[in-house]
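Okay, so here's the structure we're looking at.
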Amino acid sequence: MSTSPESIDDLNLHAAEVHRPTIAERTEQSLQYNFPTHLKGSMKGKHYFIRTYGCQMNEADSEMMAGMLGEMGYAPAEEVEQADFILFNTCAVRENAESKVWGEIGRLKPLKVRNPEMIVALSGCMAQEEPVRQLVAKTYPHVDIVLGTHNIHQLPELIQTARDAQETVFEVWERAGDAIVENIPRVRADGVKAWVNIQYGCNKFCTYCIVPYTRGRERSRTLDEVVKEVEGLAAEGYKEITLLGQNVNDYGLDLRNCDFADLLTAVNNVPGIERVRFITSNPWNFSDRIIEAIASGDKICKHIHLPVQSGSNEMLRRMNRGYTREFYLELVEKIKRRIPDITLTTDLIVGFPGETEEMFQDTLDLVRTVQYDSAYTFIYSPRKGTPAMKYTDQVSDEVKKERLSRLMQVSEQFTLKAMQCYTGTIQTVLVEGESKTKSEVLQARTDSNKVVHFSGPKSSIGKLAQVKILQAGTWTLKAELCPTEVLS
Ligand code: SAH
Ligand code: SF4
Ligand code: F3S
């Protein structure tokens with residue numbers, strides 16, 4: 001039986017009682033997307049601009065929306081000012097993510113006055129929030145379309161509707177449809193690395209987190225669909241794939257006869273793919289089978305992003321994380337024993353309600369124990385409708401900021417230390433393209449996900465190369481190409 005809240009509106013009824021829903025077996029149905037033929041090329045000559053916030057799920061969704069816009073005839077615009085269709089694919093995970101969006105939407109008003117034909121759309125996790133929809137209706141009526149996370153496949157029709165509508169068109173399902181929509185056309189942002197969704201939604205209900213309400217319950221794509229997509233990517237020349245889900249190690253719990261370990265092994269064996277990454281894995285349910293599949297898969301990068309959030313058992317309990325500090329540390333040990341060259345990174349939250357200095361010290365201590373290669377550190381941001389927002393012992397902004405800065409100091413020491421270990425070593429890197437700042441410098445990545453800069457021929461882009469690391473900074477490694485040149 002599951003009494004988990006399904007939408008933000010249901011939440012108040014359930015906030016007092018937090019637990020994880022049991023997972024119902026889903027019918028493995030999927031729906032093959034068919035682009036509406038009458039809209040094909042209907043926007044020829046027009047341009048779109050997409051601004052994506054938040055996590056890789058949103059980036060993947062943006063690629064699909066770009067794909068549908070392309071089918072409609074839209075071409076990408078370089079600047080917002082040149083676009084006829086502007087899409088904000090939003091994130092609701094922290095308050096500052098939301099404030100940025102409102103600022104940008106507000107700034108579009110004069111553009112819209114100059115070009116009334118322009119269509120503005122808001123999609124992503126903010127669209128799932130009822131108060132956001134109310135605010136759009138009241139304060140930002142120049143937003144033409146509000147599109148939910150379960151509705152992206154409806155974008156072409158909604159654009160058509162919005163062209164003739166006088167008011168904002170809202171299309172937001174509170175929960176996902178029964179079937180996963182497959183085969184949506186896609187314009188991928190990169191030619192070397194590709195995102196591959198394996199699972200949608202989240203069942204974990206961490207008490208601070210909005211994601212289970214904005215993305216719905218966990219749903220896995222079938223193993224066949226995922227492998228088919230990866231084979232297609234390999235045929236197109238992609239070298240690296242990242243499997244995406246909020247809790248990838250739960251993959252398959254809603255299917256029959258397969259789990260994340262099976263999936264890892266299956267994609268590891270797709271010819272042409274050189275590297276397989278995955279995010280995010282939750283410490284909960286990180287099985288021995290998964291550890292074994294990572295260890296034995298030669299294409300699987302030896303990097304695990306393993307968010308811990310806090311080093312205090314009391315905080316972990318109140319966060320509803322489902323593990324203790326001891327369990328987490330044991331898991332880390334187990335992983336390190338089986339995969340000695342593993343790289344671990346994490347997410348940490350400071351200033352969760354009730355966090356005392358002592359509890360915060362537990363987090364610092366855990367960071368010193370694990371010595372992560374890097375940590376994403378966040379100030380707790382109360383999210384409307386989540387249980388933790390109602391906790392009465394909120395920590396002051398001043399204390400939160402001060403703790404964040406201390407935590408970053410400690411964590412960055414280990415980041416630099418980890419980087420320095422690379423100096424003088426030979427690394428196999430995947431060359432991704434030109435570096436962001438200098439076109440004559442190439443950017444590549446190690447198996448452990450470290451950014452490497454080196455000078456080399458542009459023909460090495462998309463290939464594996466061997467480099468010698470010359471110098472380490474906190475975020476990048478400087479290297480030179482080995483005389484053996486490009487490998488494959
Ligand atoms: N599913 C992933 C995380 C997705 S959200 C996991 O659990 O591992 C990414 C990160 O944002 C989380 O790991 C957490 O550290 C942070 N986060 C989520 N909600 C937050 C909030 N309300 N305030 C601050 N940080 C938050
Ligand atoms: Fe949010 Fe991740 Fe927890 Fe899910 S597992 S509720 S996405 S932090
Ligand atoms: Fe943000 Fe939604 Fe991702 S809240 S982090 S875009 S799942």
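The analysis underlying the following values was restricted to heavy atoms, covering all of them including side chains, and did not include hydrogens, waters or symmetry mates. Counting convention: from 1, in listed order, for ligands and their atoms alike. Note that the coordinates shown come from a computational prediction; the quantities given were computed from them, not determined experimentally.
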With sequence neighbours excluded, what pairs up with V181 under the side-chain contact (heavy atoms from CB on, under 4.5 Å) test? Y33, H153, I184
What about S381: any of its N or O atoms under 3.5 Å from an N or O on ligand 1? yes
Strictly under 4.0 angstrom, heavy-atom based: which residues surround ligand 3? C55, N58, C91, A92, V93, C125, V211, R215, Q246
Could you check if a side-chain atom of F85 sits within less than 4.5 angstrom of a side-chain atom of M65, using non-hydrogen atoms only? no
Please check if atom NZ in K401 has more than 12 non-hydrogen atoms from other residues, nucleotides or ligands closer than 6.0 Å. no
Strictly by modelled atom types, are T345 and H305 linked by a side-chain donor-acceptor pair under 3.5 Å? yes
Check K302, K417, K450 against D373 for a salt bridge (Lys or Arg N to Asp or Glu O under 4.0 Å) and give me the one that passes. K450
Output the list of atoms in ligand 1 that are nearer than 4.0 Å to some heavy atom of Q246, sorted by atom number. 1 (N), 2 (C), 3 (C), 4 (C)
Enumerate the protein residues lying less than 4.0 Å from ligand 2, judged by heavy-atom distances, in chain and residue-number order. C202, K204, F205, C206, Y208, C209, V211, P212, Q246, N247, N282, R321
N/O to N/O below 3.5 Å, does that happen between R94 and ligand 1? yes
What do we get for V211 next to ligand 1 when only non-hydrogen atoms under 4.0 Å count, side chain, backbone, both or neither? neither
N/O separation below 3.5 Å, Y208 to ligand 1: yes
Provide the full list of salt bridge (Lys or Arg N to Asp or Glu O under 4.0 Å) pairs with a residue in residues 303-317, sequence neighbours left out, each pair given once. E314-R317
Ligand 1 and N247, any nitrogen or oxygen pair closer than 3.5 angstrom? no
What part of Q309, side chain from CB on, backbone N/CA/C/O, both or neither, has a heavy atom under 4.0 Å from ligand 1? side chain
